[in-house]
2 protein chains.
Amino acid sequence: MTSVSKENYLKLIYAHKQRSNESVTTSILAQDLEVSNAATSEMAKKLYSSGLVTYRKYKGLELTQKGTKIALDVVRRHRLWELFLMKVLGLSWAEVHDEAERLEHISSEKLIDKIDEYLEYPILDPHGEPIPNKDGVMPEVPKSIKLSEGKIGTRYELTKVDDRGSDLVMYLNQVGMGLNKRIYIVEKYSFDNSVVIKFDGKELSLSEKVAQHLFIIKTN
Amino acid sequence: MTSVSKENYLKLIYAHKQRSNESVTTSILAQDLEVSNAATSEMAKKLYSSGLVTYRKYKGLELTQKGTKIALDVVRRHRLWELFLMKVLGLSWAEVHDEAERLEHISSEKLIDKIDEYLEYPILDPHGEPIPNKDGVMPEVPKSIKLSEGKIGTRYELTKVDDRGSDLVMYLNQVGMGLNKRIYIVEKYSFDNSVVIKFDGKELSLSEKVAQHLFIIKTN
DNA sequence: AATCAAAGTTAAGCATACCTAAATTAATAT
DNA sequence: ATATTAATTTAGGTATGCTTAACTTTGATT
């Protein structure tokens, strides 16, 4: 009923709306999906007649409520998979996206629920993006800040690890650090901008470089 | 190059050969895949011209070395996913098959390797079937027996849990029992055919009914 | 207001993987 | 050996989601 291709269109229309708050044109979709304008123009008609988008020729498309529901569900599946792959199976930030891109379309609701449960109903994915809940409600989450910008004597939760082109995640795994961990900033040294954090009873010193690639939000 | 559909054909041709040791006909494939004879007949030609099977009209198909390699890889991906879904995410025996049926076609080699590593390079899937290794070699494994048929004072490994229509896996999870666990048979009572096993230092008594649905192989 | 380039749509066609119905081959019975 | 039937293949067609090329609409410029 809702094919892989259609789900990708809906996801993109949703993403675009989030960024620009405008309706998407067929040519923007064509660019993003790397297909011809003809293809997206045709798909626009199909999505329209399935009641998933509003669409008037030469104007753009916008998700209907029905379309939004599906888009949010795809986003949910994508983000849960990303977090799971990174946290449980140790794939890198760079790898999880493409993998999740495929997994999101073929996972049963049951499987997604199990992953959600396994991860203890997380709110943020490894990129720090919020994960819609089962009912398609996007949780309100404070913007993540860099660990290097955290305050001494404050509790945070690790929400995002940007390990583009590095083995940061692997290193963190080794020292028992990982996404969703609750941490406490013990000290910050100005001579090298290193940050000392405490988690699970252990203390760990992180260089400026690393502290710039870990993102956190305040917790109680 | 090798589509989902083609992978399914190859997997089936492989499975058939395992059972009957004969080349498979297009109509058997049609039955198993629930498609028309015309469809399988056409596909036979395509697989042939890709060098994945030998095929002569009105005779059957047989996997070439190239085809066997792919089939074994699909089987590997399928069985690793089944074990992972059951052991890690707690899906039931009944559920894992269909889920793995879809996952097997879209998982990168990297992901499969990570799952393999996570599971510590298992040899058997939850149905007690051997898992081909990365090089497409099927491990030689002794046939599993029912736990109820195990001998007192002997060490075994749990290889298969047949929980068709029951919550056996959930129960086992609760008591810390699971696939690949090493167990030791302490006692068997003839008055109710229950079996007492020991694992992880704990003792556990299992009813005849349960012991008929757990399968084991001898270990050193 | 008329023109024109850019954006968007339509038309015709392709690959994949199916379908039904018709034709062919193989196997079996007389 | 031939006829019959069962198995298999071919022919022609469909849906999906693409393609390129031709055409239309929009809207910015003069």
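One atom, CG of N37(B), and another, P of dA6(D), lie 14 Å apart when rounded to the nearest Å. Summarising the geometry, the separation between CD on E42(B) and C1' on dA22(C) is reported as 15 Å, rounded to the nearest angstrom. Note: NZ (K57(B)) to P (dA23(C)) measures 17 Å, nearest angstrom. In this structure, L12(B) atom CG and dA17(C) atom P are separated by 15 Å, rounded to whole Å. Taking atom NZ of K46(B) as the reference point, atom C1' of dC18(C) lies 9 Å away to the nearest angstrom. K59(B) has its NZ atom 10 Å from the C1' atom of dT25(C), to the nearest Å. Residue Q31(B) contributes atom CD, which lies 10 Å from atom P of dA7(D) at whole-angstrom precision. In this structure, the CG atom of L47(B) is 13 Å from the P atom of dT9(D), given to the nearest Å.
The phosphate of dA17(C) (OP1 or OP2) has a side-chain N or O of S3(B) nearer than 4.0 angstrom. Remark: Y55(B) is in phosphate contact with dT9(D), judged by side-chain N or O atoms under 4.0 Å from OP1 or OP2. At the phosphate of dC19(C), OP1 or OP2 sits under 4.0 Å from a side-chain N or O atom of S36(B).
Within the 4.0 angstrom heavy-atom criterion, only backbone atoms of the sugar-phosphate kind lie near T26(B); the bases stay farther away. If you check every strand for non-hydrogen atoms under 4.0 Å, T25(A) touches sugar and phosphate atoms only.
Along DNA chain D, the nucleotide nearest to V35(A) and the one nearest to K45(B) differ in position, and the one closer to the 5' end is contacted by K45(B).
How far CZ of R182(B) is from CD of E157(B): 6.5 Å, rounded to the nearest 0.5 Å.
The side chain of K6(A) approaches dG17(D) more closely than any other nucleotide in the set dG17(D), dC19(C), dT26(D). Taking every side-chain heavy atom of Y9(B) into account, dC18(C) is the closest of dT10(D), dT10(C), dC18(C). Which of dT24(C), dA11(C), dG17(D) sits closest to the side chain of Y58(B) comes down to dT24(C). The A39(A) side chain lies nearest to dT19(D) when the options are dT26(D), dT19(D), dG17(D).
With E104(A) as reference, K11(A) is the one residue of K11(A), R79(A), R77(A) to meet the side-chain hydrogen bond (donor to acceptor under 3.5 Å, both in side chains) rule.
By the 4.5 Å heavy-atom criterion applied to side chains, Y171(A) and L206(A) are counted as neighbours.
Below 30°, between 30° and 60°, or above 60°: for W93(B) and H127(B) the angle between ring planes is between 30° and 60°, a tilted geometry.
Side-chain atoms of K66(A) come within 3.5 Å of backbone N or O of S50(A) as a donor-acceptor pair.
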